[in-house]
Enquirer: 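I'd like to ask some things about the structure below.
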Amino acid sequence: MTDRSLAIRWQSPADGGLEHCVLKIADTGITAEGVVIGGRGEQGYGLRYRVTADADWAALRSIHLTLLGGPTLALRHDGFGEWTDGAGAKRKEFAGLLDVDLGATPLGLIATLKRQTWKTGRTQEIDTLVLAVPEMTLERRRVAYLCLEPGRHYRVGEADIRLDPDGLLAAWAGRLDRIADPAEATA
């Protein structure tokens with residue numbers, strides 16, 4: 001595989017929020033850096049993030065989120081189900097979890113969809129680490145995913161999710177629409 005960087009943008013039709021993400025894909029792993037301008041809450045919010053994953057999206061390895069003007073949340077994953085916080089303390093309440101819903105960005109969802117084996121018409125319930133934004137809270141939750149077409153079309157709750165041929169989010173009904181096709185990012 002050749003290293004490459006892609007710039008992707010999504011917009012939330014519900015609140016007018018906008019996300020800009022630079023995805024760096026290499027043989028050694030994937031790094032995503034981005035910003036989200038969210039419309040939820042009284043005044044909306046701004047969020048800066050950096051997320052790393054294994055090269056095959058098997059697990060998110062590190063999550064670093066900073067709410068502009070607010071708290072920072074940092075987590076690390078060992079690839080086998082153990083989580084630690086930014087100070088290195090074990091987060092035992094999340095032991096065994098590989099899948100993450102990052103709340104403000106679809107990157108955790110992309111990792112879950114790429115990691116699992118899917119069959120058309122089958123629902124999988126997956127224990128997930130859910131991060132709420134802008135609240136910056138964490139909880140363990142069971143999430144049901146229905147596969148409508150492996151690698152392309154899924155449903156979570158009432159929302160349909162569509163991926164492009166590269167497995168990147170094209171649309172998440174009611175939550176996010178890609179407003180620009182992935183393009184080579186410039187330095």
Side-chain angles (χ1 to χ4, degrees), residues 1-10 19-34 36 49-65 73-86 90-91 94-131 138 140-156 159-172 175-176 178 180-185 187:
M1 172 178 22
T2 304
D3 291 1
R4 64 185 184 146
S5 291
L6 299 173
I8 308 168
R9 286 191 179 168
W10 293 284
E19 177 175 355
H20 178 84
C21 173
V22 175
L23 194 62
K24 296 175 184 173
I25 304 167
D27 290 333
T28 56
I30 299 161
T31 301
E33 294 180 286
V36 176
Y49 65 81
R50 179 180 168 86
V51 176
T52 62
D54 294 334
D56 58 359
W57 291 93
L60 296 184
R61 291 308 192 109
S62 68
I63 299 166
H64 191 271
L65 306 169
L73 185 136
L75 294 170
R76 289 203 174 282
H77 188 265
D78 68 358
F80 301 103
E82 292 295 326
W83 290 93
T84 55
D85 64 18
K90 285 191 177 186
R91 297 297 303 258
F94 304 126
L97 298 180
L98 290 174
D99 298 288
V100 181
D101 176 345
L102 291 171
T105 178
L107 296 168
L109 173 71
I110 292 168
T112 296
L113 296 176
K114 285 180 172 272
R115 188 177 69 74
Q116 298 290 331
T117 301
W118 299 97
K119 291 186 180 181
T120 301
R122 177 170 279 164
T123 298
Q124 290 189 51
E125 290 191 5
I126 300 170
D127 287 329
T128 304
L129 173 57
V130 177
L131 190 137
L138 296 166
R140 183 181 197 120
R141 186 183 310 155
R142 195 154 184 82
V143 178
Y145 296 82
L146 169 63
C147 176
L148 298 169
E149 181 185 349
R152 300 287 299 188
H153 189 189
Y154 302 87
R155 183 169 296 140
V156 177
D160 278 22
I161 297 163
R162 295 195 180 272
L163 304 179
D164 68 15
D166 291 323
L168 299 175
L169 187 84
W172 188 347
R175 277 188 76 173
L176 289 174
R178 192 163 62 207
D181 287 332
E184 293 299 319

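Only heavy atoms go into these numbers, but all of them, side chains included; no hydrogens, no water, no symmetry mates. Along the sequence shown, residues carry numbers from 1.
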Enquirer: Measuring only between side-chain heavy atoms, which start at C-beta, is Lys24 closer than 4.5 Å to Asp3?
Expert: no

Enquirer: Counting N and O atoms only, with roles assigned by atom type, does the side chain of Trp172 sit under 3.5 Å from a partner on the main chain of Val156, one being a donor and the other an acceptor?
Expert: no

Enquirer: Less than 4.5 Å apart, side chain to side chain, heavy atoms only: is that true for Phe94 and Val100?
Expert: no

Enquirer: Just by modelled atom types, is the Ala26 backbone N or O under 3.5 Å from a matching donor or acceptor in the Thr28 side chain?
Expert: no

Enquirer: For the atom pair CG (Asp127) and CZ (Arg142), what is the distance rounded to the nearest 0.5 Å?
Expert: 4.5 Å

Enquirer: Using a 3.5 Å distance criterion without hydrogens, assess whether the side chain of Trp83 forms a donor-acceptor pair with backbone atoms of Leu129.
Expert: no

Enquirer: Using 0.5 Å steps for rounding, measure from the CG atom of Leu131 to the CG atom of Leu65.
Expert: 5.5 Å

Enquirer: Where is the tightest heavy-atom contact between Val36 and Ala104, given as atom of each residue plus distance?
Expert: CG2-O, 3.7 Å

Enquirer: Do the side chain of Thr128 and the main chain of Asp99 share a donor and acceptor less than 3.5 angstrom apart?
Expert: no

Enquirer: Over all heavy atoms of both residues, which pair between Leu23 and Ala32 is shortest? Give the atoms and the distance, please.
Expert: CD1-CB, 3.7 Å

Enquirer: Can you name the nearest heavy-atom pair linking Ala111 to Leu60, along with the distance?
Expert: CB-CD2, 4.0 Å

Enquirer: Within this structure, what is the CZ-CG distance for the pair Arg76 and Asp85, rounded to the nearest 0.5 Å?
Expert: 11.0 Å

Enquirer: Using 0.5 Å steps for rounding, measure from the CG atom of Leu107 to the CD atom of Glu19.
Expert: 6.0 Å

Enquirer: Would you say that Trp57 contacts Arg115 through its side chain, given a criterion of any heavy-atom pair below 4.5 Å between the two side chains?
Expert: no

Enquirer: Answer yes or no: is there a donor N or O on one side and an acceptor on the other, between the side chain of His77 and the main chain of Ile63, under 3.5 Å?
Expert: no

Enquirer: With a 4.5 Å cut-off on side-chain heavy atoms, are Leu102 and Val51 touching?
Expert: yes

Enquirer: Can a side-chain donor-acceptor contact be found between Tyr154 and Gln124 if the only test is distance below 3.5 angstrom?
Expert: no

Enquirer: Are Cys21 and Thr105 side-chain neighbours, meaning at least one heavy-atom pair lies under 4.5 Å?
Expert: no

Enquirer: List the steps and the verdict of salt bridge (charged side-chain N to carboxylate O under 4.0 Å, His left out) for Arg61 and Asp54.
Expert: CA-CA 7 Å; Arg61 291 308 192 109; Asp54 294 334; 2.9 Å; yes

Enquirer: Minimum heavy-atom separation for Ile30 and Ala55, please, with both atom names.
Expert: CD1-O, 3.5 Å

Enquirer: Please round to the nearest 0.5 Å and tell me the distance separating atom CZ of Arg9 and atom NE2 of His20.
Expert: 5.5 Å

Enquirer: Measure the shortest side-chain to side-chain distance between Leu138 and Leu75 over non-hydrogen atoms and say whether it is less than 4.5 angstrom.
Expert: yes

Enquirer: Taking only residues two or more places apart in sequence or in another chain, which ones pass salt bridge (charged side-chain N to carboxylate O under 4.0 Å, His left out) with Arg155?
Expert: Asp160

Enquirer: Passes salt bridge (charged side-chain N to carboxylate O under 4.0 Å, His left out), Arg178 versus Asp164? Steps please.
Expert: CA-CA 10 Å; Arg178 192 163 62 207; Asp164 68 15; 2.9 Å; yes

Enquirer: Asp166 side chain to Leu168 main-chain N or O, any donor-acceptor pair under 3.5 Å?
Expert: no

Enquirer: Taking all non-hydrogen atoms of both residues, which atom of Gly167 and which atom of Lys114 are closest, and how far apart?
Expert: O-CE, 3.5 Å

Enquirer: Do the side chain of Arg140 and the main chain of Ala95 share a donor and acceptor less than 3.5 angstrom apart?
Expert: yes

Enquirer: Let me check something: any side-chain donor-acceptor pairs from residues 143-152 under 3.5 Å, sequence neighbours excluded? List them with distances.
Expert:
none

Enquirer: Please give me the minimum heavy-atom distance between Ala59 and Gly79, naming the atom from each residue.
Expert: CB-CA, 4.3 Å

Enquirer: Rounded to the nearest 0.5 Å, what's the gap from CG on Leu163 to CD1 on Ile110? Could you check?
Expert: 7.0 Å

